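Below is one structure, written out as structure tokens, with a few remarks after it.
Residues take their numbers from the sequence shown, with the count starting at 1. Counting convention: from 1, in listed order, for ligands and their atoms alike. None of the values given here were measured: they were computed from a predicted structure.
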Amino acid sequence: MIYNKKMIFCKYSLKKLNTFNINVNANKVIKVKNLIELCELWKKYKQKNRPCLILGEGSNILFLKNFYGLVIVNRIKGIYISESKKYWHLHINSGENWHKLVKFTIKNKIYGLENLALIPGCVGSAPIQNIGAYGSSIQDFCEYVDIINPINKNIKRINKKNCNFKYRDSIFKHNYKNYIIISIGLFLSKKWVPNLNYNDLKKLKHNIHITPKKIFNYICHIRKKKIPYHKIYGNAGSFFKNPIVSPNLGKKLLKIFSNMPFSLENNFFKLSAGWLINKCKFKGYIRKGVMVHSKQCLILLNRFNTSSGRDILNLAIKIYNSVGKKFGIWLEPEVKIIDNYGEIDPCIFFKKNTKF
Ligand code: FAD
Ligand code: EPU
């Protein structure tokens, strides 16, 4: 896409619209509350050859520069409940806040989402990277995702089996680039079974009076202890994904590091990127105001909320190179990188063996 580069004034701050608290501006920022408005704005900007970016809560992005176009902040709300014999069915518009949805379900005695408490962001962004935590992910509950092409208003329903959900991945990261997620459907069993398989939750297994609310509270408690509140120290959660490596490499590493944390996924080893980063001695490391969080090395903090996107990216590249050189494992960023015109391919920055 060749964009119109003439006369771009960027005076609208994006600092409060991204959880890294990066101080960049956009040409225009508009909060939308309905779909017609969203489609009209999108069409208007695209017709002028200007870039458009839709944001939920900006909790999985890194702005490198001013954005030369329109940022649409999605606040299209609505939660609709229906039921079948075994399930509650929820249809939720994409601008709802994810954590508020989790709270709403528990308050209404609809259970299952408690392990996914306190994940920032909007409902519409959740299927894109198949949000997950504490042994659950949205794929366990997703029935469908509704998308729209804002130019011709063509709406499609993508059923779960066609969403291609994988660890931090789905079809929406690869296809349907010209579409916007407008709503999702979730199904939650009326027969609640606690999911306590994640290591941190195992101690709750002995609690015979376990309830969804107790799991919800416990997860909020451990998340608050481990992950700093982004309004105080800007961050986007895990900067990198946990790498999944071949059985051969996994076994080889285990022989050297017998205490290495891992889980098995179809014989492949899912390693802890935080542990790998820690092994490269980055815990607490700070450069240009960007700090590797000492309680969780996967989280990069904008420690004084004055660093630039490039400062954060530079530290991430340094980490990527160190882990690659030490372990032969090249981490993949989870966070999306946005420049003047939109999302850019992280491979531009994260290349094996680049000198830095
Ligand atoms: P944004 O950052 O606003 O957008 C992300 C991308 O999706 C952008 O490219 C945007 O253009 C696109 N997008 C947004 N809305 C739409 C739409 N309606 N249609 C099409 N495209 C759209 N993630 C986890 O999986 N598990 C965790 O435990 C977790 N913990 C986190 C903790 C913290 C403190 C933070 C800051 C982040 C964490 N994350 C976690 C990452 C983040 O919460 C998720 O990726 C979340 O789904 C992002 O939602 P958002 O609305 O903020 O997306
Ligand atoms: N570990 C270390 N050092 C670290 C971090 C982790 O040794 O600095 C080891 C520990 O052994 C720990 C294990 O890794 O027990 C797992 O750590 P944690 O439970 O914090 O989970 P994670 O694998 O580091 C993932 C997700 C998080 C999610 C948590 C909880 C990814 C990339 N990250 O982190 O998601 O909240 O599990 O389920 O998969 C996010 O995506 O933004 C995010 C925060």
Side-chain angles (χ1 to χ4, degrees), residues 17-21 32 35 38 52-63 71-76 93-99 115-138 145-148 150 167-168 172-173 176-184 198-201 219 222-231 233-244 259-263 270-279 282-284 292-301 331-338 342-343:
L17 297 175
N18 74 98
T19 61
F20 262 127
N21 303 331
V32 298
L35 198 52
L38 188 153
C52 283
L53 177 71
I54 178 150
L55 280 190
E57 291 178 3
S59 65
N60 209 28
I61 50 162
L62 178 66
F63 282 118
V71 171
I72 296 181
V73 182
N74 177 5
R75 294 293 176 264
I76 305 173
N93 285 338
S94 54
E96 287 283 349
N97 171 275
W98 175 264
H99 179 65
N115 293 45
L116 300 174
L118 223 55
I119 299 181
C122 282
V123 164
S125 323
I128 300 174
Q129 70 154 9
N130 183 19
I131 57 162
Y134 298 95
S136 283
S137 57
I138 194 171
V145 176
D146 288 340
I147 57 177
I148 191 166
Y167 165 65
R168 294 294 188 273
F172 309 105
K173 276 196 172 177
Y176 303 119
K177 290 272 180 190
N178 296 325
Y179 282 77
I180 283 169
I181 295 175
I182 51 176
S183 49
I184 68 168
Y198 200 79
N199 237 344
D200 293 7
L201 305 181
I219 292 209
I222 42 182
R223 286 188 71 104
K224 279 181 187 160
K225 271 207 319 201
K226 211 182 272 187
I227 310 180
Y229 185 41
H230 63 81
K231 289 203 172 143
Y233 302 128
N235 74 87
S238 304
F239 194 92
F240 296 100
K241 295 183 198 176
N242 284 329
I244 298 176
N259 64 345
M260 177 182 76
F262 69 97
S263 58
K270 187 177 184 192
L271 308 181
S272 155
W275 183 86
L276 297 169
I277 296 168
N278 187 15
K279 277 281 163 199
F282 277 109
K283 184 187 273 194
V292 178
H293 184 33
S294 46
K295 290 185 187 161
Q296 188 12 306
C297 293
L298 252 184
I299 299 176
L300 303 186
L301 303 177
L331 296 174
E332 210 186 306
E334 176 182 306
V335 170
K336 296 193 178 196
I337 301 167
I338 316 276
E343 192 183 332

For [atom], which candidate among [options] holds the nearest heavy atom?
atom: atom 26 (N) of ligand 1; options: Gly58, Ser94, Ser136, Gly132; result: Gly132
atom: atom 48 (C) of ligand 1; options: Ala126, Ser59, Cys52; result: Ser59
atom: atom 35 (C) of ligand 1; options: Pro228, Gly237, Ser125; result: Gly237
atom: atom 43 (O) of ligand 1; options: Gly56, Cys122, Pro120, Gly342; result: Pro120
atom: atom 16 (C) of ligand 2; options: Tyr134, Tyr198, Phe262; result: Tyr198
atom: atom 9 (C) of ligand 2; options: Ser59, Ala273, Ser272; result: Ser272
atom: atom 6 (C) of ligand 1; options: Lys336, Glu57, Arg223; result: Lys336

One residue to check: [X]. Relative to ligand 1, which of side chain, backbone, both or neither has a non-hydrogen atom less than 4.0 Å away?
X: Ala236; answer: backbone
X: Ile131; answer: both
X: Ile182; answer: neither
X: Arg168; answer: side chain
X: Asn235; answer: both

**Report entry** Residue portion contacting ligand 2 (non-hydrogen atoms closer than 4.0 Å) for Tyr167
**Finding:**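 Within the 4.0 Å criterion, Tyr167 contacts ligand 2 through side-chain atoms alone.
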
**Report entry** Part of Pro261 with heavy atoms under 4.0 Å of ligand 2, whether side chain, backbone, both or neither
**Finding:** side chain

Look at [atom] and say which protein heavy atom is nearest, naming residue and atom and giving the distance to 0.1 Å.
atom: atom 36 (O) of ligand 2; result: Arg223 NH1, 3.5 Å
atom: atom 42 (O) of ligand 2; result: Ser238 N, 2.8 Å
atom: atom 23 (N) of ligand 1; result: Gln129 NE2, 3.1 Å
atom: atom 5 (C) of ligand 2; result: Gln296 OE1, 3.3 Å
atom: atom 15 (O) of ligand 2; result: Asp200 OD1, 5.0 Å
atom: atom 4 (C) of ligand 2; result: Gly274 C, 3.6 Å
atom: atom 7 (O) of ligand 2; result: Trp275 CD1, 3.4 Å
atom: atom 19 (N) of ligand 1; result: Ile181 N, 2.8 Å
atom: atom 23 (O) of ligand 2; result: Asn242 ND2, 2.8 Å
atom: atom 35 (O) of ligand 2; result: Arg168 NH2, 2.9 Å

Under 4.0 Å from a heavy atom of [X]: which atoms of ligand 2 are those, numbered in the order shown and with their elements?
X: Cys297; answer: 4 (C), 8 (O)
X: Lys241; answer: 32 (C)
X: Phe240; answer: 32 (C)
X: Lys226; answer: 18 (P), 19 (O), 20 (O)
X: Ala133; answer: 36 (O), 38 (O)
X: Leu298; answer: 24 (O), 32 (C)
X: Gly237; answer: 42 (O)

Based purely on interatomic distance, does [X] place a nitrogen or oxygen under 3.5 Å from a nitrogen or oxygen of ligand 1?
X: Ile54; value: yes
X: Thr19; value: no
X: Ile227; value: no

Subset of ligand 1 atoms that lie under 4.0 Å from at least one heavy atom of [X]:
X: Ile128; result: 7 (O), 12 (C), 13 (N), 21 (N), 22 (C)
X: Gly121; result: 49 (O), 50 (P), 51 (O), 52 (O)
X: Leu53; result: 11 (O)
X: Ala133; result: 28 (O)
X: Asn74; result: 18 (N)

Query - Heavy atom of protein closer than 4.0 angstrom to atom 12 (C) of ligand 2 - result: no

Query raised in the report: Under a heavy-atom criterion of less than 4.0 Å, does Lys295 contact ligand 2?
Result: no

Requested in this report: State whether the number of non-hydrogen atoms from other residues, nucleotides or ligands found under 6.0 Å of Lys231 atom NZ is greater than 12.
Outcome: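 Open.
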
Query raised in the report: Do the ring planes of Phe20 and Phe239 sit parallel (below 30°), tilted (30 to 60°) or perpendicular (above 60°)?
Result: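 Correct class here is tilted.
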
